[in-house]
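Proteins get letters first, then strands, A, B, ... in listed order; numbering begins at 1 in each.
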Amino acid sequence: MTNWNVLNEMEDLRREINGIFNSVFANGRLPRRTTAFLPGYSTRSYPLVNLYEDANNYFIEALAPGINPEKLELSITGNILTLSGEKERIQDEVKPASYLRSERAAGRFTRSVEVSGEFDSAKVEAHYRNGVILVVLPKTEKVKPKKIEVKVS
Amino acid sequence: MTEKNVPTTTCCNTAVASEAGTRVQERCVTPPVDIYEKENDLVVVADVPGADKDSLDIAVEEGVLTIQAAAKHTAPGERVYREFEPVNYYRQFQLSDKVDIDKISAALNNGVLTVTLPKAEAAKPKKVEVKIS
């Protein structure tokens, strides 16, 4: 429990409530099911993301195995980062009848993540390793913590 | 090929230190798999994002294929929002006698593990031409 932080818990709650409102009341329509291609995950967002922060950067970690990194797209609007791409199908030519088990799924996905602070969109970097996307968003000077030296007079 | 259920106590015997310190992380997830049959092989494809080559452990013992892997944290810094936790992957399958155990091979690519199980000679399709005289 060393990392437990009331503010983090509140931030999580805020995001979850926002998520419910956005999904239920967006444009006064029914919730959008953007990820129907994932069995068992159909009502969830894909890919799942984690958000981290240190003094200089924000980090977004997304769980997305089996993506062609060339087809992975990142776009930034304001403080919203959008990840989109395609989870590829098995390349082998397989007859549908030869499948003994099919739990993985494939298809296109889009996920938007809101970052609570300002970041420099020109310096955003993304890495893809072992099926995990890591996006590094450098903070702008405004939101970086500043050290103020205390002068002894 | 059938999935084998294992008692949870044997699950994840790879000790992974948790964030808090030396506590052994006991939670593990079942990776989703596709299994399909080709003319000469049986192919198991599993999603194991976050696992690397070193943490991956694939073994066949007494006709049971075990896939084990540990995912690690890639991002530094303090957690702000979390939807998933890197945990261990664990899944077992009972193999039939028709798999040539010595020739099993595996490849890991972009978090997708592909295990190829070649069929034993006896299980391969054979075509016998019958001559008509």
* To do: Take A/Val49 and B/Arg82 through the test side-chain contact (heavy atoms from CB on, under 4.5 Å) and record every step on the way to the result.
  => CA-CA 7 Å; A/Val49 297; B/Arg82 181 169 60 195; over 6 Å; no

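When the options B/Val33, B/Leu42, B/Val43, B/Asp34 are evaluated for a side-chain contact (heavy atoms from CB on, under 4.5 Å) with A/Leu100, the one that passes is B/Leu42.
Grouping the Ile, Leu, Val, Met, Phe, Trp and Tyr side chains by contacts below 4.5 angstrom, directly or via other members, places B/Val112 apart from B/Ile104. When hydrophobic clusters are built by joining Ile, Leu, Val, Met, Phe, Trp and Tyr residues whose side-chain heavy atoms come closer than 4.5 Å, directly or via intermediates, B/Leu113 is grouped together with B/Ile101. By the rule that hydrophobic residues join a cluster once side-chain heavy atoms approach within less than 4.5 Å of another member, A/Val143 and A/Leu81 end up as members of one cluster. A/Val94 and B/Ile35 fall into different hydrophobic clusters, where Ile, Leu, Val, Met, Phe, Trp and Tyr side chains are chained together by heavy-atom contacts under 4.5 Å. Using a 4.5 Å cut-off between side-chain heavy atoms of Ile, Leu, Val, Met, Phe, Trp and Tyr, with links allowed through other members, B/Val48 and B/Tyr36 fall into different hydrophobic clusters.
Interface residue A/Tyr128: only side-chain heavy atoms are found under 4.5 Å from chain B.
Checked for salt-bridge contact, B/Arg91 and A/Glu103 meet the test: a charged N lies under 4.0 Å from a carboxylate O. Contact check on B/Arg79 versus A/Glu9 returns a salt bridge, with a Lys/Arg side-chain nitrogen under 4.0 Å from an Asp/Glu carboxylate oxygen.
Proximity of B/Val44 to A/Arg101: side-chain heavy atoms (C-beta onward) are nowhere separated by under 4.5 Å. Between B/Tyr81 and A/Arg15, some side-chain heavy-atom pair lies under the 4.5 Å cut-off. No side-chain heavy atom of B/Pro76 sits under 4.5 Å from any side-chain heavy atom of A/Tyr52. At least one side-chain heavy atom of B/Val45 sits less than 4.5 Å from a side-chain heavy atom of A/Ile90.
The CD atom of A/Glu88 lies 8.5 Å from the CG atom of B/Asn110; values are rounded to the nearest 0.5 Å.
Within a 6.0 Å sphere centred on NZ of A/Lys144, other residues, nucleotides and ligands contribute more than 12 heavy atoms. Within a 6.0 Å sphere centred on CZ of A/Arg14, heavy atoms belonging to other residues, nucleotides or ligands number more than 12.
Of the listed residues (A/Asp54, A/Asn57, A/Asn130), the greatest number of heavy-atom pairs within a distance under 4.5 Å of chain B belongs to A/Asn130.
Contacts between residues 63-80 of chain A and chain B, defined by a heavy-atom separation under 4.5 Å, are made by A/Leu63, A/Pro65, A/Gly66, A/Ile67, A/Pro69.
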